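It should be emphasised that the depicted structure is a prediction, and the values quoted were computed from it without experimental measurement.
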Amino acid sequence: MKSNSLSRFHAQSFSDKAFDIFNYVFLGLIALCVLYPLYFIVIASFSDPVAINNGEVVFWIKGFNVTGYEKIFENTKIWRSYANTIFYTVVGTTIQIALTMMFAYPLSRKEFCLRNPLMFLAMFTMYFQGGMIPTYLWMAQL
């Protein structure tokens with residue numbers, strides 16, 4: 001028994017197959033263009049700085065070196081920053097979910113008398129964000 005995607009591929013015309021192959025190749029090249037710089041950052045962070053400056057690091061790590069990571073993690077401020085990030089993420093997400101639920105529940109009730117004004121307020125702030133006017137004034141001055 002053939003799978004649906006395999007039988008669908010065989011039932012396509014030549015032009016459909018060519019289009020699909022072109023899409024796979026094109027999107028694969030785009031993915032490569034996006035992922036290679038990220039990969040290079042990782043291998044460069046573990047490579048010897050001299051090898052990086054000489055252009056010897058392309059695909060593989062040259063002269064394994066972790067002194068950069070040692071220097072970063074020796075700094076106590078980085079651990080405090082991680083703790084702040086985790087705290088703000090957990091507390092901020094919890095508060096945001098609670099406020100969203102408290103705002104959304106009354107809006108789900110048709111008999112709520114302030115439903116339309118609150119919905120207008122919510123939609124208006126989605127379209128016109130708080131930083132839009134200062135950004136416009138700043139760009140106009142430039």
Side-chain angles (χ1 to χ4, degrees), residues 1-49 51-53 55-142:
M1 179 185 283
K2 294 181 180 179
S3 69
N4 288 339
S5 63
L6 187 60
S7 62
R8 184 188 65 81
F9 188 74
H10 288 295
Q12 291 179 333
S13 68
F14 174 76
S15 60
D16 289 338
K17 287 180 186 178
F19 181 73
D20 283 347
I21 290 171
F22 173 78
N23 278 340
Y24 290 139
V25 170
F26 181 69
L27 292 175
L29 289 174
I30 289 175
L32 187 65
C33 290
V34 170
L35 294 176
Y36 176 74
L38 299 174
Y39 173 72
F40 181 79
I41 289 170
V42 171
I43 63 171
S45 71
F46 288 110
S47 296
D48 184 35
I52 296 167
N53 288 335
E56 298 172 12
V57 177
V58 179
F59 292 112
W60 309 111
I61 296 172
K62 297 270 181 152
F64 186 78
N65 186 356
V66 291
T67 56
Y69 287 104
E70 290 172 356
K71 295 239 185 248
I72 288 172
F73 291 126
E74 284 174 1
N75 189 349
T76 58
K77 291 180 182 178
I78 196 82
W79 297 111
R80 182 68 178 164
S81 299
Y82 279 133
N84 286 342
T85 300
I86 293 167
F87 175 77
Y88 291 139
T89 302
V90 170
V91 172
T93 303
T94 304
I95 290 171
Q96 183 64 39
I97 288 173
L99 290 175
T100 301
M101 287 187 320
M102 288 190 288
F103 190 75
Y105 179 74
L107 293 179
S108 69
R109 303 289 160 213
K110 291 188 185 218
E111 63 274 0
F112 182 55
C113 62
L114 295 176
R115 180 175 182 224
N116 287 336
L118 285 177
M119 183 59 82
F120 174 77
L121 180 67
M123 296 302 291
F124 186 80
T125 57
M126 276 197 271
Y127 289 123
F128 302 102
Q129 301 163 0
M132 188 177 217
I133 294 172
T135 302
Y136 170 76
L137 294 175
W138 178 50
M139 288 296 171
Q141 287 179 355
L142 290 178

Less than 4.5 Å apart, any side-chain heavy atom of Leu32 and any of Tyr39?
-> no
Looking at side-chain heavy atoms only, is the closest gap between Ile43 and Phe59 below 4.5 Å?
-> no
Would a distance-only check, ignoring hydrogens and angles, find a side-chain to backbone donor-acceptor pair under 3.5 Å from Thr93 to Val90?
-> no
Which donor-acceptor pairs under 3.5 Å do the side chains of residues 98-106 make with protein atoms, sequence neighbours left out?
from, atom 1, to, atom 2, distance (Å)
Thr100, OG1, Gln96, O, 2.7
Thr100, OG1, Gln96, NE2, 3.2
Tyr105, OH, Arg109, NE, 3.3
Tyr105, OH, Arg109, NH2, 3.4

Identify all side-chain donor-acceptor contacts of residues 64-73 below 3.5 Å with residues at least two apart in sequence or on another chain.
from, atom 1, to, atom 2, distance (Å)
Asn65, OD1, Thr67, N, 3.0
Asn65, OD1, Thr67, OG1, 3.0
Tyr69, OH, Ser45, OG, 2.7

Under the side-chain contact (heavy atoms from CB on, under 4.5 Å) test, residues paired with Val42 that sit two or more places apart | Phe46
Please list, chain by chain and in numerical order, all residues satisfying side-chain contact (heavy atoms from CB on, under 4.5 Å) with Asn84, sequence neighbours excluded.
-> Arg80, Tyr88
Using the test side chain to side chain donor-acceptor pair (under 3.5 Å), find all partners of Ser15 that sit at least two apart in sequence or belong to another chain.
-> Ser13
So which heavy atom on Thr89 is nearest to which on Thr85, and how close?
-> OG1-O, 2.7 Å
Residues Glu56 and Lys62: closest non-hydrogen pair is O-CE, 3.6 Å
Going from [atom1] on [X] to [atom2] on [Y], what distance comes out if it is rounded to the nearest 0.5 angstrom?
| X | Y | atom1 | atom2 | value |
| --- | --- | --- | --- | --- |
| Phe14 | Phe19 | CZ | CZ | 14.0 Å |
| Phe22 | Leu27 | CZ | CG | 9.0 Å |
| Leu121 | Leu107 | CG | CG | 10.0 Å |

For the residue pair Trp79 and Tyr82, does the interplanar ring angle fall in the parallel (under 30°), tilted (30 to 60°) or perpendicular (over 60°) class?
-> tilted
Which atom pairs, one a donor and one an acceptor, fall under 3.5 Å between side chains of residues 134-142 and the rest of the protein, sequence neighbours left out?
from, atom 1, to, atom 2, distance (Å)
Thr135, OG1, Gly131, O, 2.6

Count the heavy atoms of every other residue, nucleotide or ligand shown that sit under 6.0 Å from CD1 of Ile30, and state whether that count exceeds 12.
-> yes
